[in-house]
Amino acid sequence: MSGAFRIPGAGRFSQAKTARFSFDGRSYAGIEGDTLASALLANGVHLVGRSFKYHRPRGILSAGAEEPNALVEIKRDAARKTPNVRATVQELYDGLDGQSQNRWPSLSFDLGAVSDIASPLLSAGFYYKTFMWPKAAWKRLYEPKIRAAAGLGVSPDQPDPDHYSSRYAHCDVLVLGGGAAGIAAALAAAETGVRVILADEQAEFGGSLRFESGAKIDGQDGFAWAQAAVAKLAAMDNVRVLSRTTAFGYYAQNFVGLVERVSEHLRTPGHDLARERLWQVRAKRVVLASGAIERHMVFADNDRPGIMLAGAARTYLNHYGVAVGRNVGVYTANDSAYAAAIDLKKAGVNVAAIVDLRENPTGPVIDEARALGIEINFGRAVLRAGGKLRVSSMTVQPKNGGGERTIAVDAILMSAGWTPSVHLFSQSRGKVAFNDETKRFVPGTYAQDCVSVGACNGTDGLSATVDEAYAAGAKAAKDAGAKTAKGNKPKVDASESWSRGMLGAAPGAGPDTTVKAFVDFQNDVTAKDIRQAVHEGMRSIEHVKRFTTNGMATDQGKTSNMHGLAIAAETLGKPIPEVGLTTFRAPYTPVTFGAIVSHARGPLFDPTRRTAIHPWAEAQGAVFEDVGQWKRAWYFPKAGEDMHAAVDRECVAVRKTAGLFDASTLGKIEVVGPDAAKFMELLYTNPWEKLEPGRCRYGIMLREDGFIYDDGVVGRLAPDRFHVTTTTGGAPRVMNHMEDYLQTEFPHLNVWLTSITEQWAVIAVQGPKSRDIIAPLVEGIDMSDEALPHMSVREGKICGVPTRLFRMSFTGERGFEVNVPADYGQAVWEALWAEGQKHGAAAYGTEAMHVLRAEKGYIIVGQDTDGTVTPNDAGLDWAVGKKKTDFVGIRGLTRPDLVAKGRKQLVGLKTRDPKVVLEEGAQIVEDPKQAIPMKMIGHVSSSYWSENCGRSIALALVAGGRDRMGETLYVPMPNGVIEVEVTGMVFFDETGGRLNG
Amino acid sequence: MLLIRCPYCEEERPELEFRNAGEAHIARSANMAGESDDDFEKFFFIRSNPKGIIYERWRHMHGCARFFNAVRDTVTDKFVMTYKAGEPKPSKLPGVAK
């Protein structure tokens with residue numbers, strides 16, 4: 001048996017196919033096709049959670065995505081615990097394990113419910129008022145306590161083991177919502193042959209046809225017609241049908257985000273299936289068929305379990321075969337709840353009474369209810385509900401006052417009317433308009449190529465809906481380029497129709513009362529809270545919303561916004577349209593981070609770039625550091641060495657014999673063409689026209705403001721060909737900077753730029769023995785100092801493969817940079833390594849490279865410069881062509897502030913105690929005894945222990961630095977003040993003799 | 001995500017392929033070194049920030065890699081038109097009443 005409240009013969013699923021599940025540790029049976037909500041109701045379980053603020057017992061309000069109360073935790077295993085799942089959306093599978101939330105020690109006895117009794121202290125805005133003093137208590141006491149007491153579910157504490165997928169799709173017509181309107185629109189569009197996507201958030205298509213027992217289309221029951229029509233659509237090549245797929249965001253130019261729940265409903269999803277799939281759809285036309293959401297009645301204790309929306313009760317009966325009670329009451333302000341009463345009565349459920357706020361409504365449903373013998377009370381209100389963990393009665397009174405009467409019930413079905421779902425329309429930046437007659441906001445001015453049809457457009461009645469939707473679908477297809485239209489409009493044979501209703505608090509929960517009549521169930525906002533917010537000075541609906549938190553929960557106020565607005569408007573004494581709606585924002589329903597992130601996590605979050613020589617370094621036990629996306633060998637520790645020992649050994653080896661360094665990550669750009677030299681003249685500060693082919697020059701690139709942007713050694717391979725190197729991190733932006741000027745400012749120059757960073761592996765061989773190591777492997781290049789002096793480049797062969805061999809140095813030693821095609825990088829490295837071993841050479845990493853260059857005062861752009869440093873500041877004035885009439889940055893360099901005295905200049909620093917190594921980024925002052933805050937005159941930009949110098953060395957940017965040579969300055973640190981002397985930037989081999997040593 | 005028509009590829013492509021490159025039609029002086037402080041200030045620092053039509057540069061970074069100019073409405077985010085680098089600022093905009 002799948003529950004005592006299952007009605008034999010009712011519902012659309014076989015009651016023979018049972019699915020076992022547990023809730024709060026108790027075992028139950030449901031049937032395949034159930035949601036967790038319908039299965040619980042079939043077992044007579046209404047109490048499923050505690051509320052956010054007052055910990056009030058809560059039941060199931062709805063049968064869909066708008067559910068504010070029935071939020072549960074679904075647990076598959078230790079890592080797969082999902083909090084705040086709507087029980088009305090979660091499909092049942094055999095073995096499902098659900099837990100209620102926000103209660104302790106148990107759902108039926110929750111100590112937190114004391115806050116319900118203390119509720120006068122917890123009214124609107126209480127957070128802002130109550131926990132103000134003392135200030136220190138907020139962090140240590142109030143916030144942790146409030147966070148523990150409030151908040152619904154508990155976040156999973158393990159990494160998400162599931163995988164998610166992501167797809168882009170394009171279509172001519174995207175139909176959002178698969179009820180009668182959506183299906184009719186999709187049919188009309190699909191029949192023209194254009195590409196159509198039809199998406200619906202439910203497991204089955206049909207929308208309201210799931211419960212509208214009175215609907216007949218093309219001679220069939222409405223729901224059956226929907227299934228047949230969707231099956232027909234799914235079989236068409238030009239149509240994609242997506243169920244369990246929620247359109248959550250409508251972005252610019254008909255770009256819509258949808259999330260498909262791929263395997264949440266399966267007992268064993270398996271590893272092949274993604275958990276969810278993100279669809280990013282670009283549509284030429286969008287048809288919005290998102291329907292309408294029923295509103296509850298706002299009366300005292302309207303949140304007791306067993307009180308639910310009338311349409312939901314009807315869905316549970318007609319779709320799932322579940323009666324929500326045995327003796328139900330109905331409280332309504334429109335016709336639609338009558339249909340629920342009629343269906344339940346026909347299914348054998350006792351309907352104790354219908355209470356209708358309206359004075360003397362007439363219509364076929366009222367006649368039918370009366371004919372079935374249901375008691376109907378017009379002009380009356382339900383004052384309050386009785387019961388605590390489950391509703392037990394409703395107390396009725398004529399709405400203008402009079403005698404009270406209490407009627408015993410075990411459920412109350414309520415309907416205040418239906419709110420068109422304009423969420424997606426509003427997200428598309430469309431402007432809503434208020435229809436005063438029907439008291440609802442409907443789509444007004446459109447901002448994008450979309451159209452709303454059916455209930456979300458305020459269209460009442462199935463016949464009118466299908467007519468409107470079919471015509472809109474055909475027009476959307478035509479606008480998207482369809483040529484022919486064929487097919488037949490579905491014929492509506494019988495339909496239900498209702499409209500109107502009420503907004504705001506019902507009699508008994510008016511301004512003169514203090515009852516708890518809930519407007520927003522999920523955030524525990526009552527009618528009184530909203531009035532109080534207005535009384536306390538909130539005038540804008542956006543302020544009322546934030547002060548009361550009405551509509552700010554995860555359900556985004558789907559059931560509460562209109563009631564809240566009406567109460568605020570009434571209190572303000574303004575008409576509703578003047579108060580206005582709060583903004584609808586994406587997502588329509590909560591979307592998991594997993595779906596948004598998809599595969600882009602872990603190693604796939606960002607690309608990892610490895611050089612051709614990486615495997616060798618890895619095999620040698622190199623420690624790597626991240627430089628941008630690159631992995632670079634940081635140092636090569638031998639057994640027993642720590643980082644300092646390894647770096648010291650590498651630094652000494654380079655100066656004593658030689659070292660090999662993988663410089664492949666250096667950015668490389670080839671500048672080619674008849675005007676290549678002219679282009680270089682404009683992009684770099686240096687003169688290039690006269691640089692002979694075969695020679696190199698250190699180049700500085702500025703921005704127009706005159707500050708250093710990048711640097712690097714440039715080799716001229718031929719009159720029309722330059723091999724430009726950039727910093728490792730700067731390569732992409734330097735390329736962009738060059739392309740920008742070439743394409744837009746200097747398009748008259750005949751030049752081509754090619755990124756060659758990844759085409760050439762670069763092996764730096766530096767040290768007194770470097771030529772001895774390279775020479776035996778090189779063919780076709782004279783390696784003598786006369787033929788290949790410092791700062792020159794030759795093309796030839798090494799190890800039989802082509803090379804661009806640079807004689808250059810970033811260490812101050814005789815040095816070479818061997819460029820070879822990347823595919824040969826590791827082979828050539830290994831050959832050079834074998835030669836190097838004969839001379840006692842070491843492999844060195846980026847840390848030793850940094851130390852060696854700092855010993856020589858060579859700067860690193862981005863470390864010793866920070867975007868406010870000019871060539872002069874860096875001591876590089878010699879690299880700026882004085883006779884040049886133009887280059888990027890030439891005007892910036894002459895700006896008053898850039899030529900002013902006292903600018904920060906790059907200098908060397910030596911600590912008085914040579915053993916003390918300064919901290920990079922440390923601030924420098926003139927007088928360490930001055931009062932705090934001290935006047936800072938500069939900072940340390942590079943600082944290392946130099947084994948070669950036998951002391952610490954540092955570079956620093958200091959105001960007026962070059963005029964302070966020999967001066968003593970101070971670096972205040974937490975453990976004391978460090979005394980330093982200002983020096984030149986070169987700490988080792990000041991004459992530069994070793995370049996040819 | 002916006003759709004942007006690249007005037008070189010002659011195709012509408014998703015925003016992900018493009019990079020904004022700042023305001024358009026700010027010419028670099030042929031006599032840059034001789035610019036006055038005021039002119040350099042205008043050239044380098046001053047940018048318009050209109051509510052409405054803006055002329056800006058974009059680069060089809062992950063496509064043809066060309067820079068081009070675009071007219072965009074900052075209120076609706078809609079692209080009114082795009083045109084090649086070097087072409088004059090359009091005097092008439094399609095679909096914009098003025």
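Since the model is a prediction, treat every value here as computed from it, not as a measurement. So that the names make sense, note that chain A is the first sequence line, chain B the second, and so on, each numbered from 1.
- Residue B:A65 touches chain A through its backbone alone, counting heavy-atom pairs closer than 4.5 Å.
- Partners of A:Y588 by ring-ring contact (aromatic ring centres under 6.0 Å, His included), not counting sequence neighbours, listed by chain and number: A:H423.
- In this structure, the portions of B:F67 lying under 4.5 Å from any heavy atom of chain A include both its backbone and its side chain.
- For A:Y164, the ring-ring contact (aromatic ring centres under 6.0 Å, His included) criterion is met by no residue, not counting sequence neighbours.
- For B:F68, the ring-ring contact (aromatic ring centres under 6.0 Å, His included) partners two or more places apart in sequence, or in a different chain, are B:F18.
- No more than 12 heavy atoms of other residues, nucleotides or ligands sit less than 6.0 Å from atom CZ of A:F593.
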All donor-acceptor atom pairs under 3.5 Å, backbone and side chain, chain A-chain B:
residue : atom : partner : partner atom : Å
A:Q253  : OE1  : B:L3    : N            : 2.5
A:R282  : NH1  : B:M1    : O            : 2.7
A:R282  : NH2  : B:M1    : O            : 2.6
A:R282  : NH2  : B:L2    : O            : 3.4
A:R429  : NH1  : B:V75   : O            : 3.0
A:A447  : O    : B:K78   : NZ           : 3.1
A:E704  : OE2  : B:R28   : NE           : 2.4
A:N736  : OD1  : B:R59   : NH1          : 2.5
A:D740  : OD1  : B:R57   : NH1          : 2.8
A:D740  : OD1  : B:R57   : NH2          : 3.3
A:D740  : OD2  : B:R57   : NH2          : 2.7
A:Q743  : OE1  : B:F67   : N            : 2.6
A:Q743  : NE2  : B:A65   : O            : 3.0
A:D886  : OD1  : B:R28   : NH2          : 3.1
A:D886  : OD2  : B:R28   : NH1          : 3.0
A:F887  : O    : B:R28   : NH2          : 3.3
A:R891  : NE   : B:E35   : O            : 2.6
A:R891  : NH2  : B:E35   : O            : 3.2
A:R891  : NH2  : B:D37   : OD1          : 2.3

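- In this structure, the portion of B:F45 lying under 4.5 Å from any heavy atom of chain A is its side chain and not its backbone.
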